[in-house]
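We count ligands from 1, going down the list as the structure has it; atoms in each ligand are counted the same way. Computation of the quantities below employed the complete heavy-atom set of this structure, encompassing side-chain atoms and omitting hydrogens, waters and symmetry-equivalent molecules.
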Amino acid sequence: MKYQAFLAHNLDKLPQSKLLTAAQLQEIKIVSAVLPFKTNNYVADQLIDWNNTENDPMFRLTFPQRGMLEPLHYDLLATTMKRGASLDVMKNMVNSIRFQLNPHPAGQLEHNMPFFEGERLEGIQHKYPQTVLVFPAQGQTCHAYCTFCFRWPQFVGINELKFAMREAQQLVNYVRAHKEVTDVLFTGGDPMIMRTEILSRYFDALLNAGIEHLQTIRIGTKALAFWPYRFTADDDADELLRLFERVVERGINLSVMAHFSHTVELSTDEVKKAIKRIRATGAQIRTQSPILRGINDKPEIWAAMWREQVNQNCIPYYMFIPRDTGARQYFAVPLVKAWEVFRGAYQNVSGICRTVRGPSMSCDPGKVQLLGVSQIENKKVMVLRLLQGRNPDWVGRPFFARYDDQAEWFDELQPASSADSLFFNQLKKVSPQYSLS
Ligand SMILES: *Cc1c(COP(=O)(O)O)cnc(C)c1O
Ligand code: SF4
C-alpha cells in the first residue's frame with residue numbers, strides 16, 4: 001500500500017468523500033483553516049465507518065468538526081470567507097484565533113528547554129530528571145493528524161513555536177553530561193514519519209557514544225494506529241526493524257510508546273502484523289491515549305482496548321486527560337468522569353492489564369494522577385498524586401482537593417485543607433531545573 005495524504009485542498013480525491021454532505025465539507029474547510037487536518041488512505045479505507053460519520057470515533061479523531069471552534073470564531077471565519085476576503089485578512093484572522101487557543105500549554109516553551117554550554121537546545125525538553133525528550137527536526141509531522149492534538153502549532157507552521165533538534169551530536173553531549181538521565185524519548189510530531197536513514201543517525205550516535213547511564217530509548221508514535229505499513233511494507237521497513245534490533249543487542253531497552261485511542265485501531269491485519277514484527281526485534285510496546293469525549297469515554301472501550309493490547313503483547317501504560325489547548329473544549333471530559341471511566345475499566349480487567357496508570361494530567365509541576373474520589377469526615381474530596389514531578393520530592397504523595405465534578409484540569413482544583421494549601425502552593429512555584437544553568 002502506498003501512502004496517500006488527504007488534506008482540505010485534495011479531499012475530493014478521497015473516494016469516500018462523496019459520502020460527506022455539503023455542510024460537512026464546508027465545516028471541514030472552515031475548521032481546518034485554524035486547526036491542522038490531514039488523513040490518509042489507510043485511516044479512510046480501514047478505520048473509518050463511512051456510513052456513520054456523525055458518530056464514528058475515527059472520523060472524529062481525524063476530521064475537523066464544527067464544534068471544535070468557539071461559535072464566535074466559527075461564524076467570524078464563515079462570514080469572512082463568504083465575502084471573499086483577501087488572503088492576508090484571512091491569515092491574520094486565523095493567526096489571531098490560533099493564539100487564543102493556548103498553543104503552548106504547561107509552560108513547555110519557557111520551562112523545559114535546557115541550556116548546555118551556554119546554548120539553548122531547541123530540540124530538547126528536559127523536565128523530569130530521568131527522561132530527555134527529543135524533537136528531531138525531520139519528525140515534526142504525522143501520518144494523519146489527531147483533532148485533539150496538543151502539538152498542533154507544529155503542523156500549522158507558527159514557526160517560533162516549533163521545537164526541533166538539528167544535531168544528533170548536541171543530544172549525545174547533553175545526555176553524556178547528565179548522569180541522571182536514563183531515558184531518551186523521541187517524539188514529534190511523530191518520529192516514525194522519518195525515514196530509517198534519518199532516524200538511525202540519532203540512534204547510532206547514541207549507541208556509538210557508549211553512554212553507560214543510558215538504559216532506555218523510547219519512541220512516541222501513532223504510526224501503528226495511523227500507518228502500520230511503516231513497520232511492514234514501506235521500502236525501509238525492514239531496515240527500521242534491523243535498527244531496532246541493534247538497539248536491543250546493545251542491552252538498551254527499546255520501548256515503542258504506541259498511541260491507541262480506540263479498539264478499531266488494533267483490529268486490522270496490518271496493525272497486528274506490525275506489532276508482531278516490532279515485538280520480534282526484542283522491542284517492547286507500551287500504549288497510551290487521552291480520554292476523549294465521543295471517542296473513548298466509556299469503560300467498555302478502555303477495558304476492551306487494554307485486553308486486546310495485552311493479547312497482542314503490548315503493555316498498557318497511561319490514560320491521559322487531554323491538554324488545555326486547541327479543540328480541548330470539544331473533547332474534554334470532567335476529571336471525575338474520567339476517573340469513573342478509568343475505574344470502570346480497571347475493575348473489569350485482570351492484573352496483567354493493570355500496568356496502566358491514570359487518569360493523568362501533564363501539568364507544569366508534573367504528571368498529576370486522579371486516584372479517585374473519597375470522603376474525609378463529611379467532606380467529599382478528590383485524591384491526587386504526582387506520577388512525575390519537576391521536583392522528585394513531590395512524586396508519590398497523596399494529597400487532596402475539594403470535590404468538583406465539573407473541573408477538567410488541575411488548575412481548576414482547590415486544596416481541601418490548609419495542609420493541602422501548602423502543597424498546592426509549592427506546586428505552583430515552578431522552578432525549572434534545567435533551563436537556567
Ligand atoms: C510524560 C513525560 C515524560 C515521560 O514520563 P514517564 O512517566 O517516564 O513516562 C518525560 N518528559 C515529559 C516532559 C513528559 O511530559
Ligand atoms: S499522532 Fe500525536 S503528535 Fe501527531 S497529530 Fe496525533 S496527537 Fe498530535
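In this structure, Arg293 forms no cation-pi arrangement with Phe331, as its terminal cationic atom is not both closer than 6.0 Å to the ring centre and no more than 45° off the ring axis. Annotation: cation-pi pair Arg357/Tyr317 present, NZ/CZ under 6.0 Å from the ring centroid and within 45° of its normal.
Note on ligand 2: Trp152 sits outside its first shell, no heavy atom being nearer than 4.0 Å. In this structure, Thr131 is part of the shell of residues with a heavy atom less than 4.0 angstrom from ligand 1.
Nearest non-hydrogen protein atom to atom 12 (C) of ligand 1 is Tyr128 CE1, 3.6 Å. Nearest protein neighbour of atom 11 (N) of ligand 1, counting heavy atoms only, is Leu133 CD1, 3.2 Å.
Every atom of ligand 1 with a heavy atom of Tyr317 under 4.0 Å away is listed here by number and element: 6 (P), 7 (O), 8 (O), 9 (O). Short contacts between ligand 2 and Gly189, defined as distances under 4.0 Å to a heavy atom of the residue, involve ligand atoms 3 (S). Those atoms of ligand 1 with a heavy atom of Gln388 less than 4.0 angstrom away are 5 (O), 6 (P), 7 (O), 8 (O). Contact atoms of ligand 1 toward Tyr318: 6 (P), 7 (O), 9 (O) (distance under 4.0 Å to a heavy atom of the residue).
Two residues are said to be in side-chain contact when any heavy atoms from C-beta on lie closer than 4.5 Å; Arg390 and Trp394 meet this criterion. A heavy-atom distance below 4.5 Å is not found between the side chains of Met361 and Lys367. Residues Ile30 and Tyr74 meet the side-chain proximity criterion, which asks for heavy atoms closer than 4.5 Å.
Classified by interplanar angle (parallel below 30°, tilted 30° to 60°, perpendicular above 60°), the ring pair Tyr42/Tyr229 is perpendicular.
In this structure a side-chain-to-backbone donor-acceptor pair under 3.5 Å is missing from Arg176 to Ile211.
Of the listed residues (Lys367, Arg390, Arg218, Gln130), the one carrying the non-hydrogen atom nearest atom 8 (O) of ligand 1 is Arg218.
Enclosure of atom CG in Asn52 by more than 12 non-hydrogen atoms of other residues, nucleotides or ligands within 6.0 angstrom is indicated.
For the salt bridge (Lys or Arg N to Asp or Glu O under 4.0 Å) test with Asp235, the passing option among Arg230, Lys2, Arg195 is Arg195; the others fail.
Protein non-hydrogen atoms do reach within 4.0 Å of atom 8 (Fe) of ligand 2.
The two residues Asp404 and Val336 have their closest heavy-atom pair at O-CG2, 3.8 Å.
Excluding waters, the set of protein N, O or S atoms lying under 2.8 Å from atom 6 (Fe) of ligand 2 comprises Cys146 SG.
Under 4.0 angstrom from ligand 2, there are no non-hydrogen atoms of Phe150.
Any N or O atom pair closer than 3.5 Å counts here, and Ser362 shares no such pair with ligand 1.
To the nearest 0.5 Å, the span separating CG on Asp420 from CG on Leu413 amounts to 11.0 Å.
Legend: salt bridge (charged side-chain N to carboxylate O under 4.0 Å, His left out) pairs involving residues 273-291, not counting sequence neighbours, sorted by first then second residue: Asp238-Arg277.
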